[in-house]
Amino acid sequence: MIKITDLHKSFGDNQVLKGISEQINKGEVVSVIGPSGSGKSTFLRCINLLEQPTSGDIFIEGQSITAKDACIDKLRQKVGMVFQNFNLFPHKTVKQNITLAPVNLGLMTVSEANSEADVLLEQVGLKDKADAYPSSLSGGQKQRVAIARALAMKPELMLFDEPTSALDPEMVGDVLDVMKSLAQKGMTMVIVTHEMGFARDVSDRVIFMDGGVIVENSEPNALFSAPKESRTQEFLSKVLR
Amino acid sequence: MIDAINTSLFTPIGDDGLIGIYLILNGLKVTLIVTFFAMIMGSILGVTTTLMKMSSKWYLNWPANIYVSVIRGTPVVIQLVILYFIILASFDVNKITAAIIAFGLNSGAYISEIIRAGIQAVDKGQTEAARSLGLSQWATMKEVILPQAIKNILPSLGNEFIVLLKETAVIGFIGGVDLMRAGEIIRSRTFEDSIPLFTCALIYLFLTYIFTFMLSRFEKRLKQSD
């Protein structure tokens with residue numbers, strides 16, 4: 001579904017991604033782990049062009065998104081993104097947050113979008129918050145709304161950029177549960193995360209990144225129980241105590 | 001005291017039989033007219049300039065940048081005098097119109113900076129979230145950024161209008177008789193200093209107070225929608 005070849009990204013002199021090649025299949029759940037500054041968020045943000053790659057190609061379902069004539073807005077409609085800081089629209093209600101994009105882009109009528117929003121809010125357990133403003137929600141609730149908002153576009157791929165890093169520990173579980181059920185429904189997901197237990201339980205594959213390259217890439221049990229690379233061992237020994 | 005008030009405001013001063021209070025009220029009218037129309041012109045210019053500055057085309061953002069730099073880098077008095085005595089010298093333009101154009105031009109530059117700052121103060125994550133949903137740049141601006149930016153913009157915009165009202169006090173430099181100049185005329189004809197000056201100051205204070213009051217009411221209403 002996604003094919004990435006030799007992806008490079010620099011910010012000025014700072015080379016963040018140093019040649020990443022990767023393929024993610026339909027229905028696969030891939031977690032990306034690694035220390036801060038390893039380039040994992042940048043990697044994720046390149047997939048929907050929130051960062052413009054310096055060089056390299058990204059293909060989504062065979063279509064190059066890095067080509068000059070690629071229609072980025074159309075591409076982004078197929079790729080949902082969930083941010084660390086939620087980025088809900090504070091001036092719109094929960095329901096308006098969810099219906100804004102599908103209605104604005106002419107994919108649904110207002111009433112279709114509203115009933116779709118009800119279904120999604122039910123799914124993330126926030127049906128009673130439909131008319132609340134984001135400022136009245138807890139972090140965990142905000143993140144679940146953000147997931148519902150991304151799902152309203154009926155994406156084929158969901159990107160999660162450290163979705164639980166800004167949450168109180170007791171809120172983390174609710175968000176992970178929503179993501180878990182999404183994974184079980186067959187959604188293709190790429191998740192940048194520090195939740196090792198979650199990565200191990202839910203992922204089909206785990207990628208360990210460090211210094212702008214993929215150091216190790218294998219199925220979760222192998223990577224967590226018997227990491228091959230010494231850098232992976234070192235990292236895991238620090239985070240898994 | 002009573003005598004001074006009478007001399008300054010209510011008895012004919014000079015050979016032409018002018019009465020002080022009449023001069024003051026006429027001056028007030030000029031001040032209000034210039035402020036009001038300069039506000040409108042400044043707002044239109046401010047929005048236009050912001051759009052030009054945000055454009056990626058050099059022939060749009062260059063002139064806008066030069067305009068803002070020149071206006072912000074020189075005193076409004078010089079701008080007014082240059083406009084009236086040099087740029088508009090060969091046109092038949094009256095002093096009030098010239099003042100409106102000068103203060104409108106001046107205000108437009110400041111307003112464009114206020115709008116730009118208001119837009120930039122909206123968290124970058126908002127743009128990213130909207131674009132990641134597939135919204136176009138324009139839809140992101142209209143649906144997500146501007147509704148939030150307006151809350152940053154309005155208080156500073158109100159402040160700019162208060163500054164504008166006070167800055168019109170230099171219209172006398174081109175011979176226009178505004179509130180300030182009216183006070184000066186009375187002062188020079190009656191040799192009374194306190195009454196004309198304090199009368200003018202009180203009127204300015206009263207006007208800006210009303211304006212501030214209306215603004216704070218308006219801001220409260222905006223806050224309620226949060």
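Model, not experiment: these values are computed from the prediction. Naming convention: chains lettered A, B, ... in sequence-line order (proteins, then strands); numbering from 1 in each chain.
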Residues 98-127 of chain A vs chain B, non-hydrogen distance cutoff under 4.5 Å, contacting residues -> A/Leu100, A/Ala101, A/Asn104, A/Leu105

A quick test of your reading: do over 12 heavy atoms of other residues, nucleotides or ligands sit less than 6.0 Å from CD of A/Glu61? yes

CD (B/Glu128) and CG (A/Asn87) are apart, to the nearest 0.5 Å, by 7.0 Å

Whatever's closer than 4.5 Å to a heavy atom in chain B on A/Lys78 counts as neither

message = Using a 6.0 Å cut-off, check whether atom CD of B/Gln120 has over 12 heavy atoms from anything other than its own residue.
response = yes

| query | Within a radius of less than 6.0 Å around CZ of B/Phe211, do more than 12 heavy atoms belonging to other residues, nucleotides or ligands occur? | reply | yes

The reported gap from CG in B/Leu133 to CD in A/Gln77 (rounded to nearest 0.5 angstrom) is 9.5 Å

Please determine whether the number of non-hydrogen atoms from other residues, nucleotides or ligands lying under 6.0 Å from atom CZ of B/Phe91 exceeds 12. no

| said: Could you check whether atom NZ of A/Lys26 has more than 12 heavy atoms from other residues, nucleotides or ligands sitting under 6.0 Å from it? | reply: yes

Fill in: Donor-acceptor under 3.5 Å (A/His91 side chain, B/Ile145 main chain)
no

_Side-chain touch B/Pro147/A/Lys92, heavy atoms, less than 4.5 angstrom_ = no

- Message: For the backbone of A/Phe89 and the side chain of B/Gln148, can you confirm whether one donor and one acceptor N or O come within less than 3.5 Å of each other?
- Response: no

Looking only at A/Asn48, A/Ile72, A/Leu49, A/Asp73, the option with the highest number of non-hydrogen pairs under 4.5 Å against chain B is A/Asp73

Shortest non-hydrogen pair, A/Arg149 vs B/Ala129, comes out as NH2-CB, 3.5 Å

Taking a cut-off of under 4.5 angstrom between non-hydrogen atoms, the residues of residues 34-45 of chain A near chain B are A/Arg45

Quick check on B/Tyr209: does its OH atom have over 12 non-hydrogen neighbours (other residues, nucleotides or ligands) under 6.0 Å away?
no

